[in-house]
Amino acid sequence: MKHLIILLFSIVIVSCSKESEKETVYKNLEGNKTDTLQSIQSTVKMVYIPGGEYKPFFGSNTTLVSVAPFLMDERAVTNEEFLEFVIANPQWQKSNIKRLFADTNYLKTWPTDITLPENALKDAPVCNVSWFAAKAFAQSVDKRLPTLDEWEFVAMADETTANARKKPKYSDSIIDLYLQKNRQFKSVKQSPPNYWGIYNMFDLIWEWTDDFNAVLTTGDSRSGEYNDKNLVCAGGATSATDVMNYAAYMRFALRTSIKADYTIGNLGFRCAKDTTIIKQ
Amino acid sequence: MKHKHFTICATTLLITALLSCNSTNTTKPETSSAEAALAMVAEGNPEVAEVTGAPKVPAPIGARAAKKLIVNLLTTEIEGIIADSIPYTFWTFNNTVPGSFIRVREGDEVTLNLKNDGSSILPHNIDLHAVTGPGGGAAATTAPPGKEASFTFKAINKGLYVYHCAAPPVPMHIGNGMYGLILVEPAGGLKPVDREYYIMQGDFYTKASVVKQGLMEFDNDKAVAENPDYVLFNGKKGSLLGANMLEAKVGETVRLFVGNGGPNLTSSFHVIGEIFDNVYLEGGSTVSHNVQTTMIPEGGSAMVEFKCEVRGEYVLVDHSLSRAFNKGCIGKLKVTGEPNEKVFSAKTLTKE
């Protein structure tokens with residue numbers, strides 16, 4: 001069943017991709033992986049997320065999406081870890097990276113290929129990394145990027161409940177975190193974890209997901225009714241399940257504004273992994 | 001005999017009425033003006049357009065031909081003063097609220113470059129109501145922090161148009177000040193006047209930031225309830241008062257480009273003590289005369305013109321007066337010059 005979902009997912013992603021070049025690049029990346037990617041050790045704790053059914057932010061009211069159990073890093077990938085990755089994999093250093101895989105701002109604050117910025121904290125989340133780079137890092141630690149549904153499933157939690165969406169201040173309290181400037185320079189794990197034990201879902205960075213621009217794949221996409229243009233202007237009000245969830249609008253707005261080679265100053269990532277364990 | 005005279009008289013009146021009716025009926029040429037503008041060729045190399053912060057406007061287009069223009073806008077998220085030394089986090093085009101005034105001509109080909117500043121937290125874009133095409137350019141210009149997006153459009157409908165950010169959640173982006181005006185002048189330009197000013201009304205919904213003491217930011221609940229703390233001209237209480245008053249001299253003609261960014265409230269724009277000689281209703285091509293108060297829809301505009309006959313201070317308000325009286329929607333135009341007692345004279349009579 002899980003394989004079927006993944007298969008369907010891949011088909012949808014490929015068939016919905018607007019940029020034909022993306023597919024080519026993706027294959028290219030796969031080639032990179034098998035040929036040359038060196039593994040590195042990851043010590044970050046992974047948290048078991050039991051999954052379940054959840055209502056995506058975009059979709060019809062009645063459509064629930066099933067999220068299989070998975071493991072998620074408790075925090076984002078840090079500067080220090082990414083440094084280790086590029087040392088082991090020179091093809092992902094800023095002067096060597098293929099332009100298809102990242103724009104010219106890739107790791108732009110790093111003074112050299114293998115030096116962190118002087119004022120950067122080692123344990124602050126790495127930013128200015130493309131989706132391709134994030135994906136390669138994940139592969140190098142034998143993980144993957146979380147799917148958008150997995151990420152959003154975890155994002156429903158506050159500190160005390162798995163699904164805090166119905167709480168009146170749920171969205172507002174996230175926006176309070178979103179509106180802080182320069183928060184991406186802070187260390188990870190300095191604020192309380194959420195219900196699952198996951199840190200920094202909202203207070204440090206935007207995060208890549210594997211299918212970041214596949215809003216199409218959440219909810220009922222078969223009708224072809226939903227597309228990213230629906231997000232723009234008042235159109236965004238017709239396809240969301242909770243029009244008061246401004247925090248989610250902001251997140252999805254960011255996701256629809258980026259492309260796989262983009263590197264953004266407050267956009268990083270964390271990793272996830274499949275699991276065969278089913279805990280109750 | 002009397003009867004005959006009456007008939008002639010009546011016929012003449014009828015003909016006159018019909019003729020005058022015909023001459024003021026300008027709707028026919030209007031319907032084809034977009035097509036005419038579409039056929040105009042924008043010559044030469046692209047030039048960077050001059051843009052200005054309110055209340056200033058760029059120089060009139062005058063008699064120039066249609067050309068290629070480049071408009072550069074930068075989206076930012078910055079702290080500014082909203083009222084009485086109170087800081088607020090504004091989101092802007094070119095660091096001002098309202099954003100820069102853009103002035104083009106019908107037939108111009110405009111390349112709009114939207115750069116989102118690297119220090120931004122959120123993606124932004126621009127929907128220009130002067131644009132014919134999907135989203136007014138919104139999807140085409142959506143840019144995450146540090147990125148730039150661009151599109152080109154041909155200005156085929158003359159008039160005064162609002163532009164705004166349309167990134168979700170839109171009411172928040174507009175509520176934080178992401179709007180401005182773009183004027184598409186007719187071929188040959190608008191009739192010259194002595195003074196032109198740029199004014200934009202907006203409603204602001206505030207709450208205290210939990211992060212920074214004293215800083216105010218957007219309040220979603222108040223916005224949904226459409227209950228603003230401030231209704232302001234040009235994004236700041238007092239932006240057109242004191243040293244910032246608009247100015248004109250007796251005998252001069254004034255044109256105000258007035259827009260309404262909202263996000264929610266419609267404006268009843270009025271200048272106390274003046275009557276608008278001409279109002280380009282809703283910023284379009286229909287001109288109304290002798291207007292006291294003109295309605296400016298949210299996401300809409302009006303161009304108003306009047307001649308300053310009498311010196312004094314003229315108060316600009318949204319005539320939904322609680323907004324002027326209690327929420328900051330007030331500005332002034334100071335007219336200087338010689339007294340004009342023929343039009344206005346005040347005498348104090350003391351009775352014994």
Side-chain angles (χ1 to χ4, degrees), chain A residues 18 57-58 103-105 108-109 127-128 168-169 171-184 203 205-206 212 215 227-240 242-259 261-267, chain B residues 75-79 88-89 91 114 116-127 129 134-149 164-176 207-212 215-225 263 299:
Chain A
K18 281 181 218 157
F57 179 61
F58 280 88
D103 65 26
T104 51
N105 285 337
K108 83 168 175 183
T109 54
C127 289
N128 282 310
K169 290 293 164 197
S171 170
D172 276 0
S173 55
I174 294 172
I175 291 173
D176 285 339
L177 301 172
Y178 280 171
L179 294 184
Q180 293 178 49
K181 283 220 166 183
N182 299 325
R183 61 187 197 276
Q184 68 269 29
D203 64 343
I205 50 171
W206 303 116
F212 63 93
V215 174
N227 62 54
D228 57 359
K229 288 204 176 68
N230 274 352
L231 262 169
V232 173
C233 208
T238 59
S239 45
D242 179 4
V243 290
M244 286 301 284
N245 192 347
Y246 275 32
Y249 274 116
M250 293 160 94
R251 215 154 51 231
F252 279 86
L254 190 282
R255 285 176 186 144
T256 54
S257 76
I258 51 180
K259 292 179 180 167
D261 65 329
Y262 279 18
T263 68
I264 308 291
N266 58 353
L267 175 61
Chain B
T75 56
T76 61
E77 300 157 7
I78 53 169
E79 278 180 33
Y88 179 84
T89 305
W91 300 352
L114 188 81
N116 189 0
D117 192 75
S119 74
S120 292
I121 295 166
L122 296 155
H124 298 292
N125 62 25
I126 188 167
D127 167 356
H129 291 180
T141 54
T142 298
K147 285 284 181 181
E148 188 168 348
H164 62 86
C165 180
V170 196
M172 189 176 186
H173 286 255
I174 293 178
N176 279 331
K207 67 173 180 187
S209 162
V210 294
V211 181
K212 193 167 172 183
L215 180 66
M216 303 299 284
E217 56 192 36
F218 181 76
D219 186 317
N220 187 31
D221 292 334
K222 286 179 183 173
V224 172

Of all of B:D219, B:N220, B:V224, which one pairs up most often with chain A through heavy atoms under 4.5 Å apart?
->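 Maximum pair count with chain A is reached by B:N220.
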Which of the residues B:H173, B:H124, B:K207 is involved in the greatest number of heavy-atom pairs with chain A at under 4.5 angstrom?
-> B:K207
Which atoms of [X] approach chain B - backbone, side chain, both or neither, heavy atom under 4.5 Å:
| X | value |
| --- | --- |
| A:D103 | side chain |
| A:L267 | neither |
| A:R251 | neither |
| A:N266 | side chain |

Contact part of B:D221 toward chain A, heavy-atom cut-off under 4.5 Å: side chain, backbone, both or neither?
->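 The side chain, not the backbone.
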Part of B:E217 within contact of chain A (heavy atom distance under 4.5 Å) | side chain
Measuring from [X]:[atom1] to [Y]:[atom2], what's the distance to the nearest 0.5 Å?
| X | Y | atom1 | atom2 | value |
| --- | --- | --- | --- | --- |
| A:N182 | B:S119 | CG | OG | 7.5 Å |
| B:N176 | A:L179 | CG | CG | 8.0 Å |
| A:L254 | B:I121 | CG | CD1 | 11.0 Å |

Over all heavy atoms of both residues, which pair between B:G146 and A:N105 is shortest? Give the atoms and the distance, please.
->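 Nearest heavy atoms, B:G146 then A:N105: O-ND2, 4.4 Å.
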Tightest non-hydrogen contact, residues B:M172 and A:M250, listed as CE-CE, 3.9 Å
Between the main-chain N or O of A:I258 and the side-chain N or O of B:K147, is there a donor-acceptor pair closer than 3.5 Å?
-> no
